[in-house]
Structure formats: structure tokens, C-alpha cells
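Let me begin by presenting the structure, written as C-alpha cells, before commenting on it.
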Amino acid sequence: MYALRQEKLKQIEALGQSAYPNTFTPPEDHPLRTIPEIRAEYDAKTGEELEAARVPVAVAGRIMAIRQQGKAGFATLQQEGQRLQIYVRKDAVGDAAFELYRLLDLGDHIGVTGYLFRTRTNELTIHVETLTFLAKALLALPEKYHGLADVELRYRQRYVDLFMNGVLNPSEPESGSPEGAVLNESPDPGVESKELEAGSRKLEAGNAPEIHVRDVFVKRAAVLRAMRKFFDARGYIEVETPMMQPIAGGAMARPFTTHHNALDIDLFLRIAPELYLKRLVVGGFDRVYEINRNFRNEGISTQHNPEFTMLEFYQAYANYHDLMNLTEELIQFVAMEVNGTTITHFNGTEIDLGQWERLTMREAIPRFWDDRAGPKPSPADFSSVAALRAWISRVAPENRKTDPRPGFVSELLGVPEGENPHHDLHASLRFLDLQLSHPELSSGDGTLGRAIYSLFEIVAEKNLIQPTIIYEFPLAVSPLSKQKPDEPDWVERFEFYIGGFELGNAFSELNDPEEQRRRFEAQLAERERGDEEAHQMDSDYVRALGYGLPPTGGEGIGIDRLTMILTGARSIRDVILFPLLKPQMIGDGNQ
RNA sequence: GGACGCGUAGCUCAAUUGGCAGAGCAUUCGACUCUUAAUCGACAGGUUGCAGGUUCGAUUCCUGCCGCGUCCA
């Protein structure tokens, strides 16, 4: 194939065309237009109107389809994700140009001049007068109907994925007529549950709009534009802070390490910009935001990529309640700018980004507790480790020997699934109880707080589909947040969840340097116990606080995840142009 | 890190207890001056992810490895 097309390229050159021309400059009486421009202007024009005007145009694009018809033929050009048909007649373009047309392959770039008309089937088409070769596709395009379906190939060769512009959420092929499938939804109580599930999936797929690869990234750009518009209008200034940091702070995560040769020092790719942005607030930038990459040396999943894009913003003289209001405004604003509506479809569910709920973490746990799994926890059960363990033992009594040696986790979680539908929940609770019974495996002071946070993640997180703000977090998992005045074990922090996962994290910033130093020291103790994600000491940050950080609210929002929600893409890899994959050996392209 | 699943022609997919590895699209050649998943005819295209094992015989069964996906941690 490759060699054949190289040979064709030589033949094209023999026709007087340049193999790799530098540009396409049509004559002045045929202005160069983009396909989207032409479609926007002439899609509504009738064949008679076009014939009367005989609109001369020049267009360039990639050939996505060719239909030869003897001494004439059609081709479909694509540019900026849109398509336009061209019609090439031997008697209109001449022998040489028609010979060129016959040498064209799918994927080639060409430029044409001609005039617009409508075919017998009323399709807007360019009647070609001249044909200019622009670039060759030496490799074969994917199958024209199904496109690139292999997920791995789509990520590895995103350039192909993008111009094929396939659908991310193809609906299941229907066995009957489309009308029949839609009407086939009446729930029959006698039908097996399997069939009911299949029916509801079909229904959901019918409701959710198709997601095209290219559109996802166009929308992603719109998300960024909308966010800048939102913050710029509110007097925030956009800043850039170090991506390479001597201390990777501002979050609990494992960093990537790199090395600066001239200075001979190790540096970390940042896990968050937080501590630098707050230094800027100390410096008198009362409202700052940054949109940039963070790097976390952790697992990869449908919600995690090692590098991801984060918005962080800080506002002096604001607290976490102010940020809750701002968050709801921001997400609604972005949704309206990007989609023109606050309604979105994610994972088969309709979500309204204009309707928010606010719950404390301690409210959310009983709220989303499934009563069939046992009695829900009461507020008193969160008062101490002993009380929490007593509740767990009522809900998920130990029915198996436990052992704090390495390997006990798999033994515990390896309980064969029985008739209990809450096996996973109970196993998770028993694992939590096991940790609580061996504080030396975790730690002392923060044990209760960490356990309640774990409980929240186990019980509530996956159920937070509609936009929900969860506020008041345990101090133990919040080393940079300000305490609640009336409950010093809890901090003024919230996270918001949509679609069953976390999108943002915000709090009233801790600005007492002495308290901050103690928090860092407590984190260091965690680190010594083996928690590699515990925060490191940042003495310069403590010094900055020593100069006085005003009362400040700060927040981080995951741009990739927000883009997932706004586009309906179910994997973070579908909203990142080049997600990280293991490198693969490839051939030289020749066959 | 664990469990499960997938890997067959450039692409999308078949292949019966384990019995000659096939189709469509793309490519090549031919026909066709309004087609649009164009149509019609012909040709060609393969180390079935890699390495072993069982077997007279392996795409199929087994083991290991590689890559990807989903779920869990």
C-alpha cells in the first residue's frame, strides 16, 4: 500500500503537480473559503438561487469518500469536522486534471475551484473547474462506515481518531425496525429482569445524544474559555506558578520526581499549585486563578490520568460558604456557555447542573445508607472510634478470623460472594473496622476522622449523581483547612460531586502559621508511619503565612472531569487528547 | 496491585467437540457523466499479539509474557 501510493505520488508529479506544495493559492476571482463557512452561508440556498448566482469558490480539504462514475465522479471533502461534496467531470476539468482525480486516494488533501450547485438529490456540491493536489495519505484510512472502533488505537493514533470523528457512545445495533424498538418499552412484570435491563439500556441510549470525538475537544476549549470569562469578569487575575517544585505540596498524593542538572537538585512535578497561589494572596493578589496541569504518580482509571488539568482559584475575604455559592454559579455559567443548557446526560442519567443539594458529610452517610444492609448510623455513632466500631459490628459482624499481618486485606476481601447483595459494602466496613482495631497500622489522633471520611467514600460517593456539595470535613484529612470555631475536629471544607465522583475541593484557608506548622508536623508523623501521601513540611509557606494571609477561600476544580460531565464522555481518556499509554513498538509503516 | 474480559487481513468483524482462516470496506485491475455506506465484475491481501505446552492436527485447550478495556484496591 505504502509503496503503491508513493508510486502514485510520482505519477501525480508527472502530471505537473507538486508532491508537497507549500500552499494553496486559488485565483482572486475564486475566494478561498472554509467548508464550515460555505455550509453556513449556502446550506439554506436553493438550487435555483445557486444557479442564478453561480457562486465561484475555492476550497481545500481531506478526501473522505470517492465515488467514481466513469468519466465523472464525486468526492467528499472534510475540513474542520464538516464535509462538502465535489463533482468532477472530465469535460469540465480537462484530461490532465481528471487523470489527477483518478490518482487520488482516501485521505489525500486537495484544493479545488469551481462553483456551487445542487445535485439531483439536492446536495450542496462544488462543480469543480480546477483541481490542485496538496498532500498524500500514504497510509490507508480506517473503514469508512465503522471508523476507528478499537479503543487502544483511538488513543494511540488520536490524529486518525480525530479526522474519522467517530462516536464515543455507539448505540447497540437494533434487531427490529427503529420504531419497533422505541415502542418496545412497555414494562411487562412477567419479563425476566435481564430483558428489562436490556430494554432500559436501549431507552437510555436513545435519549443520550451521540458524542463525537472532535466535539468533545471543541467543548473542552469552550469550558476553558468560559471559566476565564467567568473569573476575569469578577476581577480575578490569571497567574502561572511553578510546575517544578522543590517540595510537592498542596495535596495528598505521590509526586513524580525529576532532576535539575545545573543546580544538581531533585525537583517534583507539582501535585497542586495551592501553596504558591496562597503565597500570591499574601503578596496582595486578592483574587487569583490558575488553569494548568497537575501530575500525580498514581494509578490510571476512567477518572484518573497521571497528568490532568486543574483550575484553582483563591479569593481573599471569602470563606467556604461564599465559595459554595460561587461554585454553583460557575458550573451553571460554564454549562450554559458550552452547551446552552444546564441539562446534561452522563452514564445513562440526566443531570441538571442548575439544581444543587448541600449536605454535611455526617448527613450524607446516613442519607445514602441502604437500609437493606443494616441499621443506618446515627450522629452519636460518629462521636468516637469506639462508637463507630460498635455500629460497624452491629451492621457487619465479623464472621471470619482477621489477622493484621500483610496479606490480611486480600484474605478479608476475598470472602466468596454469597446471597448477600451487600457483600462489598460489608467487606469494606469490616476492612475499615480492622484498620480501627489496629491503630498502629494507621495512627492515633486522626483515626476517627479518617474513618468517617472512608465511610463517606464507601457509602455515599458513588450515589452523588446530581450536583451535590458535601461540606464539613474531618480535620485529620484536611491539613490546609481552617477549623470550625464550634467543632475543632472539623474544618470549613467542602467537595462537590457530580455523576458519582468528585469534581472540586474547597475550603476556608488555614492562615494561622503556628497551627499550620503543627498540621505539617502531624503530617510528617503520618509520613513516618509509612503514608507516602502525607503532606510534606513547607517552611517557606509557613513563613509566608507569618506575614499574614487574609481570611481566604480557595478551591480546585478538575477540568477533565467537568468536561466529562458536560460532554457525557465516560472515561477521562476521552477528554484528554493524548492520554498516557504504555509505549508500543511499531513498524516502519511499510508493508 | 487483584479479578474478569478482549487481541484474527490496513479497518470493522466471522470461523461448529480441536479438523483446509472467511466476509464487508479499503487497496489493485475492468465497466459506468447526478453518486453519496454508489453499483457491477475480477484479482490480491494472514507467522490468528508474543513464547512455550498438550495433540496426528490448535484461532479454538493449558501455562507464561505483552498490550488494551471494565470493575475492585
Side-chain angles (χ1 to χ4, degrees), chain A residues 1-8 11 47 63-78 83-93 98 101-108 117-128 137-157 160-161 163-164 166-168 170 173 298-304 347 406-417 423-425 427-428 431-432 434-435 454 457-458 461-462 500 570-574 579-587 589-591:
Chain A
M1 171 77 78
Y2 200 89
L4 268 167
R5 292 201 174 180
Q6 284 179 312
E7 181 53 37
K8 279 187 171 182
Q11 295 176 37
I63 299 170
M64 297 304 289
I66 301 179
R67 293 175 291 279
Q68 291 267 16
Q69 204 93 52
K71 295 183 179 62
F74 293 89
T76 302
L77 295 187
Q78 175 173 287
R83 295 185 173 196
L84 182 64
Q85 179 171 263
I86 64 170
Y87 180 48
V88 183
R89 291 171 60 121
K90 190 172 186 180
D91 55 14
V93 299
F98 196 73
Y101 168 74
R102 293 182 62 93
L103 286 168
L104 295 175
D105 288 302
L106 294 184
D108 289 357
F117 77 109
R118 284 193 182 272
T119 63
R120 210 173 279 160
T121 52
N122 207 36
E123 175 156 349
L124 184 67
T125 303
I126 295 178
H127 196 289
V128 174
L138 295 169
L139 295 169
L141 264 50
E143 207 249 0
K144 64 184 170 188
Y145 186 62
H146 297 92
L148 206 55
D150 184 279
V151 175
E152 181 180 355
L153 264 185
R154 291 192 23 233
Y155 296 151
R156 287 195 192 280
Q157 301 186 41
V160 177
D161 189 31
F163 70 68
M164 293 307 291
V167 176
L168 295 184
E298 294 171 349
I300 294 175
S301 78
T302 48
Q303 286 151 33
H304 299 84
N347 216 357
F408 68 96
V409 175
S410 57
E411 184 190 335
L412 189 71
L413 296 180
V415 178
E417 283 190 75
H423 163 79
D424 290 343
L425 179 58
S428 300
F431 178 46
L432 181 58
L434 193 59
Q435 289 178 306
S454 296
E457 290 183 319
I458 293 166
E461 179 170 8
K462 63 180 178 301
R570 292 192 206 180
S571 169
I572 198 169
R573 296 183 145 192
D574 290 324
L580 185 66
L581 297 176
K582 287 201 179 183
Q584 192 189 42
M585 296 287 289
I586 57 170
N590 291 292
Q591 310 237 350

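Below, all heavy atoms of this structure are taken into account, side chains as well, without hydrogens, waters or symmetry copies. Chain A is the first sequence line, chain B the second, and so forth, proteins listed ahead of strands; every chain is numbered from 1.
Checked by atom type, the side-chain pair A/Asp161/A/Tyr155 shows no donor-acceptor distance below 3.5 Å. Side-chain atoms of A/Arg570 and A/Gln303 form no donor-acceptor pair, as typed in the model, at a separation below 3.5 Å.
The side chain of A/Lys8 contributes no N or O atom lying less than 4.0 Å from OP1 or OP2 of B/rU27. Contact annotation: A/Thr302 side-chain N/O to B/rC71 OP1/OP2 distance is under 4.0 Å. The phosphate of B/rG67 (OP1 or OP2) has a side-chain N or O of A/Lys582 nearer than 4.0 angstrom. The side chain of A/Arg156 contributes an N or O atom lying less than 4.0 Å from OP1 or OP2 of B/rC68.
Taking only distance into account, the side chain of A/Gln85 meets the base of B/rU35 through a donor-acceptor pair shorter than 3.5 Å.
Between the P atoms of B/rA14 and B/rC72, the separation comes to 27 Å (whole Å). Here the separation of B/rC56 from B/rG24, taken at their C1' atoms, is 36 Å to the nearest Å. Spacing of C1' atoms, B/rC13 relative to B/rC6, comes out at 14 Å, to the nearest Å. Look at the C1' atom in both B/rA73 and B/rC61: the space between them is 32 Å, to the nearest Å.
Here the side chain of A/Arg154 pairs no donor or acceptor atom with the backbone of A/Val160 at under 3.5 angstrom.
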